[in-house]
2 protein chains.
Amino acid sequence: MTASASRKTRQKDAVWQALHAQDDFVSAQDLHKVLNDSGCRIGLATVYRRLNALHLSGNLDCIEHGGLRLYRICTAQRHHHHHLVCESCGRTIEITPPDDGWLQSVASAHGFTVSSHTLEVYGLCGDCQATQTDE
Amino acid sequence: MTASASRKTRQKDAVWQALHAQDDFVSAQDLHKVLNDSGCRIGLATVYRRLNALHLSGNLDCIEHGGLRLYRICTAQRHHHHHLVCESCGRTIEITPPDDGWLQSVASAHGFTVSSHTLEVYGLCGDCQATQTDE
DNA sequence: CTGGATGCAAACGCTTTGCAAATAG
DNA sequence: CTATTTGCAAAGCGTTTGCATCCAG
């Protein structure tokens, strides 16, 4: 077993690059469009495969919203960060809870081990609060 | 405009009843199965329509996980509760964060208003930790 | 009666998968 | 050369929708 090599391909690189160019969560389809727009020929399925792989290997954060999956490079390998999502414009801001401790306590109180957790806060950002006047 | 009446039907009642009988989040399909099992003939589409309506009218909480939508009667108009979800057996336990305050602070620090938030904690429950021995 | 509600099945949108062709090592 | 990766298109999944029928008021 010669350690089934993970081959380095133009597409893998492209996906990784494109992810870095994003500063918000993107869907697979978004990323696929971005890639093709920038002249990189790549199949949608490949984008999905890459995104899944990267998520599994812990390099991508993933949130689900509105029935679709959004990915983002996991900048914080060491610290969970969560998000403040504007329900109107979709803007996302990373937030850090001051206290992860209670979570562990509560979990173990129920005999649970914690492998991951997600916290998504929905609301309106400043701009959209202003725009809320027109319904 | 004679206030387009919302008719009271056997199915509407059934869905509402069934929701009350659940003590965990359920998917539309789950609920549909439960209903048909209990002898109530109802279409899947109707369950979906009812669930959406109830969610819109603010009577149902909704979380998304694994690409599907789970609903639960919104018992806590007054207090958010979150969940401890076992990744193996799917068991769900309600947990209550000791401190919702920081959330509001962080949000307003970014100019956000908070309309809702979800916190889901994934891990393994005691039973499943024991069963983890077989891979 | 009348129009909202239902049931069915087809349509949908996002994601995954089968398989043959392409290509990295 | 060989096996991983890709691309395409078809399949899969949960959900929504069109339309004829049904039934509450």
Side-chain angles (χ1 to χ4, degrees), chain A residues 1-19 22 24-57 59-72 90, chain B residues 1-19 22 24-57 59-72 85 90 120:
Chain A
M1 48 164 94
T2 4
S4 52
S6 176
R7 295 180 182 171
K8 188 181 184 62
T9 64
R10 178 178 57 77
Q11 290 89 334
K12 280 188 184 176
D13 256 15
V15 168
W16 189 241
Q17 296 283 328
L19 278 167
Q22 304 300 314
D24 250 342
F25 280 88
V26 284
S27 67
Q29 319 228 6
D30 286 343
L31 203 64
H32 178 240
K33 174 144 44 181
V34 167
L35 282 162
N36 278 329
D37 280 357
S38 60
C40 172
R41 207 168 142 35
I42 184 174
L44 180 55
T46 304
V47 176
Y48 274 105
R49 280 189 276 239
R50 221 83 296 286
L51 252 25
N52 282 337
L54 288 169
H55 181 230
L56 275 178
S57 57
N59 291 298
L60 284 187
D61 263 346
C62 167
I63 64 176
E64 298 179 28
H65 190 223
L68 57 103
R69 230 159 285 182
L70 289 330
Y71 297 90
R72 189 192 202 289
Chain B
M1 51 165 92
T2 5
S4 52
S6 176
R7 295 182 181 168
K8 188 181 183 63
T9 63
R10 178 177 58 75
Q11 291 89 334
K12 279 188 184 176
D13 257 16
V15 168
W16 189 242
Q17 297 283 328
L19 277 167
Q22 304 300 315
D24 251 341
F25 279 88
V26 284
S27 68
Q29 319 229 9
D30 286 342
L31 203 63
H32 178 240
K33 175 144 43 182
V34 168
L35 281 162
N36 278 328
D37 280 358
S38 59
C40 172
R41 209 169 140 32
I42 186 175
L44 179 55
T46 302
V47 176
Y48 274 105
R49 279 191 276 239
R50 224 83 291 289
L51 252 25
N52 281 337
L54 289 169
H55 181 231
L56 275 179
S57 57
N59 291 297
L60 284 187
D61 264 345
C62 168
I63 63 177
E64 298 180 29
H65 187 226
L68 58 103
R69 231 160 285 183
L70 289 329
Y71 296 92
R72 190 192 201 290
V85 183
E120 303 301 321

Task: Euclidean distance, B/C62 SG relative to B/L54 CG, rounded to 0.5 Å - done: 12.0 Å
Task: Nearest heavy atoms of A/L70 and A/S27, plus distance in Å - done: CD1-N, 3.5 Å
Task: Minimum heavy-atom distance B/C40-B/N36, with the two atoms named - done: O-OD1, 2.7 Å
- [ ] Give the rounded distance in Å between these two atoms: CG of B/D13 and C1' of C/dT6.
- [x] 15 Å
Open item on the list: Nearest 0.5 Å, please: how far is CZ in A/R50 from CD1 in A/I42?
Closed with: 9.0 Å
Open item on the list: From NE2 of A/H32 over to C1' of D/dT6, roughly how many Å is that when rounded to an integer?
Closed with: 12 Å
Task: Between P of C/dG13 and CG of A/D30, the distance in whole Å - done: 15 Å
Open item on the list: In whole Å, I'd like the distance from the CG atom of A/N52 to the C1' atom of C/dT16.
Closed with: 8 Å
Open item on the list: Among residues at least two apart in sequence or on other chains, which ones pass ring pair (Phe, Tyr, Trp, His ring centres under 6.0 Å) with A/H32?
Closed with: none
TODO: Compare the minimum distances between each of C/dT6, C/dT15, D/dT15 and the side chain of B/Q11, then state the nucleotide with the smallest one.
DONE: C/dT6
Task: Between CG on residue A/N59 and CZ on residue A/R72, distance to nearest 0.5 Å - done: 14.0 Å
Task: Sub-4.0 Å heavy-atom contacts from residues 63-71 of chain B onto DNA chain C, ordered by number - done: none
- [ ] Output the distance between atom CZ (A/F25) and atom CG (A/D61), rounded to the nearest 0.5 Å.
- [x] 5.5 Å
Open item on the list: For DNA chain C, which residues of residues 39-50 of chain B approach it to below 4.0 angstrom with any heavy atom?
Closed with: B/R41, B/I42, B/G43, B/A45, B/T46, B/R49, B/R50
Task: Bend angle of the helix from C/dC1-D/dG25 to C/dG25-D/dC1, end axes from five pairs each (to 10°) - done: 30°
Task: Under 4.0 Å protein heavy-atom contacts per nucleotide of nucleotides 20-25 of chain C, with B for base, S for backbone only and - for none - done: ---BBS
Task: Derivation and outcome, side chain to side chain contact (heavy atoms under 4.5 Å, CB included), residues A/V26 and A/V34 - done: CA-CA 10 Å; A/V26 284; A/V34 167; over 6 Å; no
Task: Inter-residue atom distance B/T46.OG1 - B/L51.CG, 0.5 Å rounding - done: 11.5 Å
- [ ] Enter the distance from A/N52:CG to A/R69:CZ here, rounded to the nearest 0.5 Å.
- [x] 7.0 Å
For residues 9-19 of chain B, tabulate all N or O donor-acceptor pairs below 3.5 Å that involve a side-chain atom, not counting sequence neighbours.
residue: B/T9; atom: OG1; partner: B/K12; partner atom: N; Å: 3.1
residue: B/R10; atom: NH1; partner: B/R41; partner atom: O; Å: 3.2
residue: B/R10; atom: NH2; partner: B/R41; partner atom: O; Å: 3.4
residue: B/K12; atom: NZ; partner: B/S6; partner atom: OG; Å: 3.0
residue: B/K12; atom: NZ; partner: B/R7; partner atom: O; Å: 2.8
residue: B/W16; atom: NE1; partner: B/H20; partner atom: NE2; Å: 3.3

